[in-house]
2 protein chains.
Amino acid sequence: MTLDQIRTFLAVTRLGGVRRAATHLNISQPAVSNRLLALEDSLGVILFDRDRGGVDLTQEGIKLLPYAEILMQTVDQIRTEVVPSDNLSAILRIGVIETIAESWLAEFLPKFYRLYPNVTVEVTVDISVNLREQLMDRSLDLALLMGPLSDYKVENHNLPAFDVGWFKKKGTPDPDLATTAVITFHKQSRPFQEIQSFMTEKLGSGVRLFPTSSLSTGFEMVASGVGVGAFPRRNILEERMKDRVEIFDAGWTPSPINITASYLRENKHGLVTRAVDCFLEIAGSAS
Amino acid sequence: MTLDQIRTFLAVTRLGGVRRAATHLNISQPAVSNRLLALEDSLGVILFDRDRGGVDLTQEGIKLLPYAEILMQTVDQIRTEVVPSDNLSAILRIGVIETIAESWLAEFLPKFYRLYPNVTVEVTVDISVNLREQLMDRSLDLALLMGPLSDYKVENHNLPAFDVGWFKKKGTPDPDLATTAVITFHKQSRPFQEIQSFMTEKLGSGVRLFPTSSLSTGFEMVASGVGVGAFPRRNILEERMKDRVEIFDAGWTPSPINITASYLRENKHGLVTRAVDCFLEIAGSAS
DNA sequence: AGAGGTTACGGGCAGCGTAAGGATC
DNA sequence: GATCCTTACGCTGCCCGTAACCTCT
């Protein structure tokens, strides 16, 4: 039994397949297969049913699972608590929504890099639903998104919310929402749905809502007079665009955007929580 | 970081030296040294001070220690709880005092072997003080001796006590302890000391006490009329010798011999506890 | 046929043991 | 000088990746 075998065993069970585990571990697929066979051999136990295409844990495999988790958890703890932060080398894959990418991320990266100069941070910017999916299939270690994620496997940490404000082209009169195009977040986002239901209820079905998955595009559209926008305030974009757009009061604003730092419980004792702490500090002092 | 490295790290810290660890692990001494260096390299941390001849844990090494223990403990648990007992292969080194060797051991060995056919049991018979020492320096995994051992590292399980009886040569009249040679356990044993202090107190300093580290020799001596003996009853020897020796009442008998199954806490989750369970069953049903 | 997993095989490298080389008491 | 640990070095064997093979849907 080796730690590599245990790590591989866990990857295969969590990702549900040899092939996927191989991708995740950056090794060839036969290598994964061999590690499993070697582990089974060293324990003298069959861990997987391979009958019906794919792999299913046997009873023995299920027995091994909790111990395997303890082992890898302990290894993670050693990496974060014994190894000095400045020579811990690892890859940390963080996914953020655009709002975060343009606010805390700029402060986070150098701060985190000072603490862990040998950790490579890979940042993915995407909408919350996609981040959630990537988190669940382990393509991400940590996601900062519109949360919380309700899944027993996920641990959520609340970060300060973002207020949403109405933006219009600078110098134009206050528009009427009922007759103006409204540009806002992506269709699958909570704010979009909140705005949509509010507006169809209050203003009838004639409203024109333009979702965009890019905040900067959204601001651009507002600045060029396509319509008004409902976007987070306290954003770098707000600062950058303040010559071309301005806030106005539309009588109603969507609820603030709740941000959570979310990660899988299985990573609770690893580097991920350090990154969360770092975000919490930044967000706390910035608010 | 590998499990071999962690195991080696623990052996070195527990046994207090590279050389001793090498012996314990059945590998060459440079191999141990290399594993330590490799571990230090992979963690990016110096674990040992090598300055003043020998090795001392550094602050970092002390930090690693509890995690290393969790790792090896978990590995032990996997070996006992996931691996089916009939293909667990291991070596279990048991030390017993002669009294045990001649009573429960005969029943223990085949029973344990049926449960764990691939475990090699190495039995050492010695007096309690030596067994204690061998347990502490890890030459034994389990010791059945006159316990308990009061050491925070040791876990003791009580087994049924052995009553002590006075034996004399068959057919001779009841002797007077004050004028007869008394043959009993080894000098460093608790019964010897109890008898010695009782007899010098009650009968003056003229008593003749003959300690022996061999029960059968002791019985032999009694049978040939050298003196009387204070030995455990319910012993195979008692049965075997019943034509030549017999019990008599000397008006006082030493306290029963307390037997404990003792092992190091660090092995609590391994095979050792299974062996203890097995002994407990045997001793329980035999009494 | 395609997706999933295992077997076969050659090559590189990690890790062992033997032997020699410092340190420290 | 004795004891203890590290460095040097040749060698074995494990484990990886490529490629071919099997087996269910």
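Just so we're on the same page: letters track the sequence lines, and every chain starts at 1.
Between the side chains of B/Thr260 and B/Ser262, a donor-acceptor pair is found at a separation under 3.5 Å.
One can place CE of B/Met1 at 17 Å from C1' of C/dA14, the figure rounded to the nearest angstrom. Taking atom CG of residue B/Leu37 and atom C1' of nucleotide D/dA8, one finds them 14 Å apart after rounding to whole Å. Rounded to a whole Å, the CG atom of B/Asn34 is 10 Å from the C1' atom of D/dA8. In this structure, B/Leu39 atom CG and C/dA14 atom P are separated by 16 Å, rounded to whole Å. B/Arg35 has its CZ atom 16 Å from the C1' atom of D/dC5, to the nearest Å. Look at CG on A/Leu36: it is 14 Å from C1' on D/dC15, rounded to the nearest Å. One atom, CG of B/Asp49, and another, P of D/dC4, lie 18 Å apart when rounded to the nearest Å. One atom, CZ of B/Phe48, and another, C1' of D/dC4, lie 14 Å apart when rounded to the nearest Å.
Comparing C/dA19, D/dC5, C/dT6 by their closest approach to the side chain of B/Gln29 singles out D/dC5. You'll find that the side chain of B/Ser33 is closest to D/dT6, out of D/dC16, C/dG5, D/dT6. The side chain of B/Pro30 approaches C/dT18 more closely than any other nucleotide in the set C/dT18, D/dC5, C/dT7. The side chain of B/Arg50 has D/dT6 as its nearest neighbour among C/dC16, C/dG17, D/dT6. Listed nucleotides C/dT6, D/dG17, C/dC16 differ in distance to A/Ala31; the shortest reach to its side chain belongs to D/dG17.
Side chain of A/Arg138 to backbone of A/Ala21: no donor-acceptor contact under 3.5 angstrom is found. B/Asn258 places no side-chain N or O within 3.5 Å of a backbone atom of B/Met146 that could act as its donor or acceptor partner.
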Assess whether ring-ring contact (aromatic ring centres under 6.0 Å, His included) is satisfied between B/Phe279 and B/His157, documenting all intermediate values.
CA-CA 10 Å; B/Phe279 269 113; B/His157 288 255; over 10 Å; no
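If you check every strand for non-hydrogen atoms under 4.0 Å, A/Asp4 touches nothing.
B/Phe192 and B/Phe210 have their aromatic ring centers separated by at least 6.0 angstrom.
In terms of position along DNA chain D, the nucleotide closest to B/Arg19 lies nearer the 5' end than the nucleotide closest to the other residue of the pair A/Ile27 and B/Arg19.
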